[in-house]
Amino acid sequence: MQESPTVQEFLAKRDFQGAITLLEVSSGEKCENHEELLAYAAVHSCNYELAKGIYLEKRTAIDLAISLFYLQEFDEVLKILPDIPDSERKNRLAMHVLNVLREEEEASIYAAKLIDTPEDRLSIAALEYFKGNYREASEMYRNVSLHFGGVSAMDIYCAMSYYHLDSNDMAIELCEKYLKKHPDSILASNLKACCHYRLGNIKGAVDAISKVKDFEYQLPEAFRDIINHNVAVLRDGDGALQVWPQCKNNVPEARFNLTIYFLRNNNIRSSLELLKEIEPRTSQEIFIKANTYCAIGQEDNDDEAIEIAESLYYSIGSNESDCDTITGRQAMASYLILQKKHEEALVYLDSIKVYCSENDEFNANYGQIKAACGDFNGALEHLLYVTSETARNDFTYLACLAKCYVSTGHPDQAWELNTSAKTTEEVFALVQLVASSCYKNKYYGIAARAYHQATLLDPKNTHHWYGLRASIMGILKNITEKGLTDELEQQLSDSYKSLSTLKGMEDVDQFSRTLGAWARNREIYL
């Protein structure tokens with residue numbers, strides 16, 4: 001008969017939830033250090049409420065204070081601090097809690113008490129990390145590893161810092177190094193998935209996070225929220241409204257991803273309302289806020305919102321810590337685009353193109369800027385890289401794609417995009433764009449078709465009728481100069497038949513009779 005696993009075996013495998021379950025089941029047969037083991041397992045499984053209850057009963061002030069810190073009950077920690085005997089642990093805890101409460105002067109008093117031990121140096125590195133000084137934090141973690149031996153945890157701490165610095169390749173390398181020693185690490189697998197996602201490698205991200213699912217039963221609630229949140233991100237927001245609102249208290253990124261979700265689905269007001277609840281800390285979060293104000297400004301023609309967006313973009317792009325990151329360069333490019341300095345913006349986008357080649361949002365934006373700079377072939381190439389249905393049905397994307405098709409000699413494909421527009425207003429705007437672009441590029445057959453459609457949609461606007469008439473005259477000019485081909489004959493026939501749907505409009509009947517007579521005189525039968 002196989003023996004049941006012991007608590008120590010569960011702890012050795014880092015299955016802290018299994019250890020808690022076994023300790024709670026065997027509570028009637030308590031061993032000498034039963035409570036200590038239960039509290040240890042509770043802390044390491046992030047079950048701080050359970051740990052708090054045990055430490056309250058045992059009156060272990062420092063451990064209770066640490067549990068309260070992780071539960072974000074910072075005021076309660078301050079109440080307990082005077083009762084805790086002086087120690088290195090107390091100094092580190094006091095420094096962190098006072099920093100969270102923005103009592104920086106008092107925090108510096110405790111920081112000054114720290115000495116040159118691995119624990120104290122790691123605590124200072126963690127403080128820099130939580131302040132958002134990721135470059136400084138990564139350097140401190142590396143130094144600790146060098147001076148106190150190769151502790152594998154340093155790889156993950158550095159990887160977390162690199163992730164925030166957009167050095168995703170380096171972060172993935174460190175995660176893989178750590179996972180060779182600890183293949184069941186939920187944190188490392190999840191971080192690796194996030195890095196792959198940032199690089200647009202969705203398959204790599206899904207493969208990485210699927211490893212976490214193998215250990216899902218061990219996860220505390222807060223970690224389950226993180227994984228479920230990230231799975232929804234990898235599914236391009238599928239199921240987001242069922243997952244993200246429920247986990248936004250445990251996962252700060254959930255609020256920002258909700259704002260992105262609302263932005264992508266043209267629900268800009270909801271995005272703005274969410275942003276009012278939170279203060280962005282990282283460059284990525286500030287970037288999302290800038291995108292929201294940019295969308296509001298463009299939708300409402302609100303100059304003040306555009307100025308806010310410009311200011312936020314510039315604050316990221318010019319920041320010393322961010323200027324050489326992917327986010328920093330995207331931000332500076334966005335600032336320059338709003339300033340209508342497209343050539344300069346393209347320089348920044350070119351510098352990060354290799355890292356974003358599989359990112360739909362990047363390819364759509366890059367294509368639009370290429371088009372604004374007159375490189376329609378390059379623009380078309382990147383616009384066609386976009387695979388997301390949501391992105392491909394966005395009106396701005398469709399309008400740019402239509403212009404690129406016309407400018408690269410594919411007017412028929414530009415015309416076919418009308419079927420992708422979602423609303424009558426978008427269809428009308430796209431038809432007008434195709435009509436004017438085709439006429440300008442002397443594709444008179446498609447121009448006539450588009451102007452005819454615009455006339456049907458807005459018969460009171462004589463501009464469209466004039467455009468149709470001018471396009472038909474362009475077809476006649478081509479016949480006169482190039483001779484009658486099957487293609488030109490078909491264009492003339494289609495245009496002539498389209499006039500019959502415009503009966504009652506001024507000059508249409510007379511123009512139709514004149515056109516018919518012109519064709520008959522040349523033995524062209526319409």
Do Ile226 and Ile186 have side chains that get closer than 4.5 Å, going by heavy atoms?
-> no
Is it the case that Asp360 and Thr387 place a side-chain donor and acceptor less than 3.5 Å from each other?
-> yes
Minimum-distance pair of heavy atoms, taken over all atoms of Met332 and Ser318 = CE-N, 3.8 Å
Salt bridge check: are Asp75 and Lys79 linked by an N-O gap of less than 4.0 Å?
-> no
Run the numbers on Arg135 and Ser161 for side-chain contact (heavy atoms from CB on, under 4.5 Å), then give the verdict.
-> CA-CA 7 Å; Arg135 199 176 303 280; Ser161 301; over 6 Å; no
For residues Thr327 and Asp322, determine if any side-chain heavy atom of one lies less than 4.5 Å from a side-chain heavy atom of the other.
-> no
Got a sec: does the CZ of Phe69 have more than 12 other heavy atoms crowding it under 6.0 Å?
-> yes
Does the pair Tyr134 and Tyr129 meet the rule for a ring-ring contact (aromatic ring centres under 6.0 Å, His included), with working shown?
-> CA-CA 5 Å; Tyr134 303 113; Tyr129 180 92; 5.2 Å; yes
Measure the shortest side-chain to side-chain distance between Ile227 and Val231 over non-hydrogen atoms and say whether it is less than 4.5 angstrom.
-> yes
How many angstroms lie between atom CD of Glu310 and atom OG of Ser334, to the nearest 0.5 angstrom?
-> 11.0 Å
One should read off an interatomic distance between Cys373 SG and Glu343 CD, to the nearest 0.5 angstrom, of 4.0 Å
Does atom CZ of Phe395 have more than 12 heavy-atom neighbours, drawn from other residues, nucleotides or ligands, at distances under 6.0 Å?
-> yes
Check whether the side chains of Arg329 and Ser351 place a donor and an acceptor atom closer than 3.5 Å, and report yes or no.
-> yes
Could you grab the distance from atom CG of Asn99 to atom CD of Glu128, nearest 0.5 Å is fine?
-> 9.0 Å
For Phe130, does the CZ atom sit with more than 12 other heavy atoms under 6.0 Å from it, leaving out its own atoms?
-> no
State, with a plain yes or no, whether a side-chain heavy atom of Tyr55 is found less than 4.5 Å away from one of Ile62.
-> no
Got a donor-acceptor contact below 3.5 angstrom from the Thr408 side chain to the Cys404 backbone?
-> yes
Tightest non-hydrogen contact, residues Ile369 and His342, listed as CG2-O, 3.8 Å
Separation between CG (Leu234) and NZ (Lys203), nearest 0.5 Å, reads 13.0 Å
Ser357 and Asn363 have their tightest heavy-atom pair at O-ND2, 3.0 Å
Looking only at non-hydrogen atoms, find the nearest pair between Ala51 and Ala42 and report the distance.
-> N-CB, 3.9 Å
Would you please indicate if the ring centroids of Phe10 and Phe16 are separated by under 6.0 Å?
-> no
Answer yes or no: is there an ion pair linking Glu176 with Lys192, defined by an N-O contact shorter than 4.0 Å?
-> yes
Does a donor on one side chain and an acceptor on the other come within less than 3.5 Å for Glu381 and Tyr385?
-> yes
Are side-chain N/O atoms of Asn291 and Tyr313 paired as donor and acceptor at under 3.5 Å?
-> yes
Which heavy atom of Gly328 sits nearest a heavy atom of Ile316, and at what distance?
-> CA-CG2, 3.9 Å
Between His164 and Thr282, a side-chain donor and acceptor under 3.5 Å = no
Checking side-chain contact (heavy atoms from CB on, under 4.5 Å) for the pair Ile326/Gln330: CA distance, chi angles, key distance, verdict?
-> CA-CA 6 Å; Ile326 294 173; Gln330 280 183 314; 4.0 Å; yes
Is any side-chain heavy atom of Phe262 less than 4.5 Å from a side-chain heavy atom of Arg269?
-> no
Look only at the side chain of Asn143 and the backbone of Glu139, and say whether a donor-acceptor pair between them is shorter than 3.5 Å.
-> yes
Rounded to the nearest 0.5 Å, how far does SG of Cys175 lie from OH of Tyr163?
-> 11.0 Å
Show your reasoning for whether side chain to side chain donor-acceptor pair (under 3.5 Å) applies to Tyr366 and Asp350.
-> CA-CA 9 Å; Tyr366 188 74; Asp350 278 335; 2.4 Å; yes
With distance as the sole test, does Thr325 use its side chain to make a donor-acceptor pair with the main-chain N or O of Ser321 at under 3.5 Å?
-> no
Could you tell me whether a side-chain N or O of Trp244 sits under 3.5 Å from a main-chain N or O of His229, the two making a donor and an acceptor?
-> yes
Return yes when atom NZ of Lys131 has more than 12 non-hydrogen atoms of other residues, nucleotides or ligands closer than 6.0 Å, and no otherwise.
-> yes
Going by heavy atoms in the side chains, are Asp169 and Tyr162 under 4.5 Å from each other?
-> no
Apply the test salt bridge (charged side-chain N to carboxylate O under 4.0 Å, His left out) to residues Arg89 and Asp63: give CA-CA distance (whole Å), side-chain angles for both, the deciding distance (0.1 Å), then the verdict.
-> CA-CA 10 Å; Arg89 291 177 77 196; Asp63 294 317; 2.8 Å; yes
Does one side chain, of Tyr141 or Asp155, offer a donor that lies under 3.5 Å from an acceptor on the other?
-> no
Any sub-3.5 Å donor-acceptor pair from Thr259's side-chain atoms to Ser271's backbone N or O?
-> no
Cation-pi geometry met for Arg392 and Tyr397 (6.0 Å, 45°) = no
Mind listing the side-chain donor-acceptor pairs of residues 108-117 below 3.5 Å, one per line with the distance, residues two or more places apart or on another chain?
{"from": "Ser108", "atom 1": "OG", "to": "Glu105", "atom 2": "O", "distance (Å)": "2.5"}
{"from": "Asp116", "atom 1": "OD1", "to": "Arg121", "atom 2": "NH1", "distance (Å)": "3.0"}
{"from": "Thr117", "atom 1": "OG1", "to": "Asp120", "atom 2": "N", "distance (Å)": "3.2"}

Quick one: are Val386 and Glu361 in side-chain contact, heavy atoms under 4.5 Å?
-> no
Should Lys52 and Glu76 count as an ion pair when the cut-off is N to O under 4.0 Å?
-> no
So, does Asn133 use its side chain to make a donor-acceptor pair with the main chain of Glu136 at under 3.5 Å?
-> no
Is there a side-chain contact between Ser185 and Ser189, using heavy atoms and a 4.5 Å cut-off?
-> no
Check the pair Asn365 / Ile337 against side-chain contact (heavy atoms from CB on, under 4.5 Å), numbers first and verdict last.
-> CA-CA 10 Å; Asn365 291 333; Ile337 290 166; over 6 Å; no
Hey, is OH on Tyr348 packed in by over 12 heavy atoms from elsewhere, all under 6.0 Å?
-> no
In Å and rounded to the nearest 0.5 Å, what is the OG to CG distance from Ser311 to Leu338?
-> 11.5 Å
Glu9 side chain to Thr6 backbone, donor-acceptor under 3.5 Å | yes
Where do Leu11 and Leu37 land on the side-chain contact (heavy atoms from CB on, under 4.5 Å) test, with the steps shown first?
-> CA-CA 9 Å; Leu11 294 178; Leu37 288 172; 3.9 Å; yes
Search all heavy atoms of Gly317 against all heavy atoms of Ala331 and return the closest pair with its distance.
-> N-CB, 4.0 Å
